[in-house]
Amino acid sequence: MLIGLIGKANVGKSTFFSASTDNIVNIANYPFTTVKPNLGVCHVRINCVCTEFGVKDNPVHSICIDGIRFIPVQIIDVAGLVPGAHEGKGLGNKFLDDARQADALIHVIDISGSTDSEGRPVTPGTGDPLEDIRFVEEEFDLWLVSIIKRDMDNIKDLDSSGHNTVQVLKKRLSGLGVTEAALDKVLNKLNLQNKKFKSWTEQEIFDFCQMIRRDVKPVVIAANKADISTTQNNLGELTEKYANVIPCASELEMLLRKAVKNGFIHYLPGDNSFEIKENTQLSDKQKQALEIVSNFIKKHGSTGVQEIINLACFNLLEKIVVFPVEDDSKLSDKKGNILPEAYLLNKESTAKDLAHAIHEELGKGFLFAIDVRTKRRLGADHILKNNDVIKIVSATSRK
Ligand SMILES: Nc1nc2c(ncn2[C@@H]2O[C@H](COP(=O)(O)OP(=O)(O)OP(=O)(O)O)[C@@H](O)[C@H]2O)c(=O)[nH]1
Ligand SMILES: [Mg+2]
């Protein structure tokens with residue numbers, strides 16, 4: 001699963017990226033810690049089942065602190081967009097190449113209005129975040145239009161030689177994760193199912209691209225820089241017009257994570273408060289900075305960063321968490337690690353899907369699964385639920 005950070009230039013994408021990937025504990029043994037400069041690992045936060053089972057766990061590829069489990073998810077910081085990006089303005093095409101890979105998008109905006117459409121600093125309150133959202137989405141759509149129209153004559157030829165428009169479009173858009181089912185749905189909605197591509201109007205091509213984008217790249221809006229006082233002017237209108245808007249202050253989250261690393265405070269990403277440790281000597285400047293964060297959290301419930309990542313994973317992508325174990329009495333793997341893994345699976349995943357996610361061989365040799373809570377045997381097609389703890393029994397694991 002990959003989350004992409006998109007948005008206009010200078011809105012705080014890299015700050016959000018740094019804040020969410022700057023981990024408060026060492027996670028250097030992860031398989032994908034070494035990544036490209038703009039590709040990192042953030043975490044979703046859940047209440048761990050270790051509390052319910054009354055065990056002290058020791059996860060291998062995730063982190064559990066005081067019953068809160070943090071599960072890794074990849075995140076990519078995409079180059080900032082400026083109007084005209086689809087024609088190559090700014091770092092246009094680089095943006096779109098990166099964004100193409102993401103399963104869900106976090107659209108970071110400057111809710112305080114302190115940047116103009118090209119990202120240049122302006123007096124807070126004069127920038128227009130709603131217009132920024134519109135142009136970023138439009139750039140995305142126009143980029144899709146340009147992909148579809150590339151080698152347009154080829155498509156027309158294929159069309160006239162009897163190839164199905166759906167097949168042609170599917171091939172063209174395959175790098176975006178557009179499935180045939182998604183294509184069918186959109187073509188149906190727009191009544192384009194039986195219309196040959198060569199006779200589509202410009203408007204039809206644009207509408208098609210817009211709908212495809214909405215379908216394959218679900219978005220949460222990170223209303224960043226919400227610590228600046230001009231935020232209030234824009235937030236009401238924004239939440240009226242868009243779903244999934246969360247005010248956030250990436251810079252404040254970064255400050256908290258630094259304070260944790262320096263041993264100044266108790267705080268877990270996503271907490272609705274933090275506590276300054278006893279006997280901590282803070283300078284006046286540090287005290288002031290923490291006071292600002294504290295006031296922000298009191299007003300908004302959190303810095304917003306963790307909430308946004310969780311929303312992308314659980315609301316937009318509708319993932320569930322499943323805990324596989326090899327020893328159902330000890331809740332451990334072979335090495336004795338308790339509740340070692342937490343898998344993010346698609347909703348409606350089956351017991352056999354889990355086996356495949358763990359290892360291809362385990363999937364191939366799947367015999368049955370056991371629900372550790374109820375001790376019931378589950379067949380291959382059994383649909384898993386969020387927080388299930390599952391043992392897989394396969395021909396390979398019995399050897
Ligand atoms: N007040 C405030 N400033 C912020 C916040 N997040 C980022 N900034 C500031 O906004 C400016 C731009 O931040 P970046 O993270 O570099 O923005 P970006 O979107 O990655 O910019 P590009 O990569 O150029 O597109 C910096 O000066 C940050 O300090 C925030 O939550 N609050
Ligand atoms: Mg940046």
Side-chain angles (χ1 to χ4, degrees), residues 3-22 35-40 42 75-86 88-99 102 105-127 129 132-133 135-136 139-140 219-235 238 245-259 269-270 285 288-309:
I3 295 176
L5 286 168
I6 64 157
K8 188 184 75 171
N10 220 12
V11 290
K13 296 179 298 298
S14 299
T15 310
F16 189 106
F17 178 82
S18 304
S20 60
T21 55
D22 186 11
V35 284
K36 289 187 266 166
N38 66 338
L39 188 63
C42 64
I75 185 165
I76 185 165
D77 179 16
V78 175
L81 263 187
V82 294
H86 73 282
K89 228 180 139 196
L91 291 169
N93 296 331
K94 167 91 179 89
F95 159 90
L96 298 156
D97 276 348
D98 285 342
L105 299 173
I106 295 176
H107 185 162
V108 184
I109 60 163
D110 174 350
I111 188 68
S112 71
S114 23
T115 38
D116 71 9
S117 68
E118 309 244 343
R120 287 179 294 250
V122 291
T123 312
T126 55
D132 293 343
I133 296 178
F135 103 71
V136 167
E139 284 301 330
F140 208 120
V219 179
V220 48
I221 295 177
N224 194 39
K225 306 194 189 180
D227 51 306
I228 299 176
S229 59
T230 45
T231 292
Q232 244 16 69
N233 308 352
N234 300 315
L235 204 53
L238 185 70
V245 176
I246 299 192
C248 83
S250 323
E251 207 160 68
L252 305 191
E253 176 69 23
M254 216 153 86
L255 199 144
L256 285 179
R257 295 199 188 196
K258 278 205 185 111
K285 215 173 145 199
Q288 250 173 22
L290 286 175
E291 183 67 23
I292 290 173
V293 186
S294 174
N295 288 337
F296 184 90
I297 291 184
K298 270 187 203 133
K299 184 169 174 193
H300 294 281
S302 73
T303 67
V305 170
Q306 186 64 61
E307 202 182 329
I308 287 164
I309 294 167

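Numbering of ligands and ligand atoms starts at 1, following listing order.
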Within-cutoff protein neighbour (heavy atom, under 4.0 Å) for atom 26 (C) of ligand 1: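 Neighbour list for atom 26 (C) of ligand 1 is empty of protein heavy atoms (cut-off 4.0 Å).
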Under the 4.0 Å line, does any protein heavy atom show up next to atom 1 (N) of ligand 1?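 Within 4.0 Å of atom 1 (N) of ligand 1, protein heavy atoms are found.
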Report the part of [X] in contact with ligand 1, treating N, CA, C, O as backbone and CB onward as side chain, heavy atoms under 4.0 Å; options are side chain, backbone, both, neither.
X: Asn10; result: both
X: Asp77; result: neither
X: Ile228; result: side chain

Checking only N/O/S atoms, does Asn10 have one that is under 2.8 Å from the Mg ion (ligand 2)?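 Here the distance criterion (N, O or S atom, under 2.8 Å) is not met by Asn10, so no.
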Checking a contact table here: which protein heavy atom is nearest [atom], and how many Å away?
atom: atom 7 (C) of ligand 1; value: Thr15 OG1, 3.3 Å
atom: atom 18 (P) of ligand 1; value: Lys13 N, 3.4 Å
atom: atom 31 (O) of ligand 1; value: Ser250 N, 3.0 Å
atom: atom 30 (C) of ligand 1; value: Glu251 CB, 3.5 Å
atom: atom 23 (O) of ligand 1; value: Ser14 OG, 4.0 Å

[Y] backbone acceptor or donor facing [X] side chain under 3.5 Å:
X: Asp77; Y: Asn38; value: no
X: Asn224; Y: Ser250; value: yes
X: Thr230; Y: Ser112; value: yes
X: Ser18; Y: Ser14; value: yes
X: Asp132; Y: Asp110; value: no
X: Lys8; Y: Asp116; value: yes

So, regarding Gly12 and ligand 1 (criterion: nitrogen or oxygen to nitrogen or oxygen, under 3.5 Å), is there a contact or not?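 N/O-N/O distance under 3.5 Å: yes.
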Any nitrogen or oxygen of Val11, side chain or backbone, less than 3.5 Å from one on ligand 1?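 N/O-N/O distance below 3.5 Å exists for this pair.
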Only heavy atoms of [X], strictly under 4.0 Å: list the atoms of ligand 1 that pass.
X: Asp227; value: 1 (N), 2 (C), 30 (C), 31 (O), 32 (N)
X: Ala249; value: 31 (O)
X: Asn224; value: 5 (C), 6 (N), 7 (C), 31 (O)
X: Ala9; value: 25 (O)

Contact between [X] and [Y] at the side-chain level, heavy atoms closer than 4.5 Å - yes or no?
X: Ile297; Y: Leu256; answer: yes
X: Leu238; Y: Ile109; answer: yes
X: Ile133; Y: His107; answer: yes
X: Pro247; Y: Thr231; answer: no

Hey, does Gly7 sit under 4.0 Å from ligand 1 if you only count heavy atoms?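 Checking ligand 1 against Gly7, which is what was asked, there is no heavy-atom contact under 4.0 Å.
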Side chain to side chain contact (heavy atoms under 4.5 Å, CB included) for Val293 and Asp227? Distances and angles first, verdict last. CA-CA 9 Å; Val293 186; Asp227 51 306; over 6 Å; no
